[in-house]
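Side chains are part of it too, since the values below use all heavy atoms of this structure and drop only hydrogens, waters and symmetry mates. As the structure is a prediction and not an experimental result, all values here were calculated from the model. Order of listing sets the numbers, starting from 1, for every ligand and every atom in it.
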Amino acid sequence: MISQNQEVAKLIDGKPVSKKIKDELTEKVSKYLAAGHRNPGLAVILIGENPASEIYVKNKILACKQIGIESHMHRFPGDVQTKTVLDCIKELNANEKIDGILVQLPLPSHLPTEEILLAVSHHKDVDGLHPYNLGFLFAGKPALQPCTPRGIMALLEAYEVPIKGKHAVVIGRSNLVGKPIAALLLQKDATVTSCHSKSVDLEGICRTADILVVAAGRAKMVGASWIKPGACVIDVGTHHIQGDDGEKHICGDVKFEEVQKVAGLITPVPGGVGKMTVAMLMANTIFAYEQTLGLAH
Ligand code: GUN
């Protein structure tokens, strides 16, 4: 429950929640293998040399290994032609051993992101970014859902954060996080406000939030004065910054130390939402595998 008048906010810890999900998936896969089915397969397309993407992809491949999902890496240089990527996706769409295809974002600027995401079969769209799946999501129907929003919803559920009738404010309107998390919160009967860089009095709007999801992509943007006492704060940002000590640090979109003193619940960075994104990618891959093989969920 959201609580008030405490010294510091309770941490929403992504580690045990994501571990439980991954453990359940591992058990599922071993049962399917024992019954004579093939391993689930995930193809990852990584283009160029973005250091953050390298880390994300490494974590995804590692999680596949833990769970028993076969991962297939497809690396391309930063100047790859669109046709080469589309041909690769076509092959993967037809490959019966591949249940999920993930195109790591962002893509180099010369590539048409929308066209490439559209080329992925919606059955294998484990990122939930194909318009088919996004359409189902906005219609409130079951489909493959984007991993980070799905992970946020799982965290809110695990920590029994009340959503019905509450005011949820989302900063950011990306297809990857902002728009889908707003839709999922709305489905759970929250009153949702979607904010972005052009919103007037962003700070004032945020101060009315019972649940604040920050997916702004700006390091340490949200301070204590933005927070309603006792609110639940979900920080989606991941930034590698140089600290006062000269060392590299990871921080989110929220000024954690000061916000922690006002909020009731808060996700840390790292160790909050990021872990859930990977777990939900695994869950989506197993879901696609089960659909393909006609297995019960
Ligand atoms: N880049 C940052 N987050 C994500 C994600 O969830 N999926 C993909 N494909 N790329 C990302």
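Among protein heavy atoms, the minimum distance from atom 3 (N) of ligand 1 is reached at Leu176 CD2, 3.7 Å. The protein heavy atom nearest to atom 10 (N) of ligand 1 is Leu105 N, 3.0 Å. Scanning the protein heavy atoms around atom 8 (C) of ligand 1, the nearest turns out to be Asp127 OD2, 3.2 Å. Looking at atom 11 (C) of ligand 1, its nearest protein heavy atom turns out to be Gln104 NE2, 3.3 Å.
Asp253 and His239 form a side-chain donor-acceptor contact under 3.5 Å, judged by distance and modelled atom types alone. Gln66 and Thr26 form no side-chain donor-acceptor contact under 3.5 Å, judged by distance and modelled atom types alone. In this structure, a donor-acceptor pair under 3.5 Å is present between the side chains of Gln104 and Lys60. With 3.5 Å as the limit, one finds a donor-acceptor pair spanning the side chains of His167 and Thr208.
The Thr277 neighbourhood of ligand 1 comprises atoms 6 (O), with distances under 4.0 Å to a heavy atom of that residue.
In this structure, the side chains of Ile171 and Trp226 come closer than 4.5 Å at one or more pairs of heavy atoms.
Residue contacts with ligand 1, taken as heavy atom pairs separated by less than 4.0 Å, involve Val103 solely via the backbone atoms N, CA, C and O.
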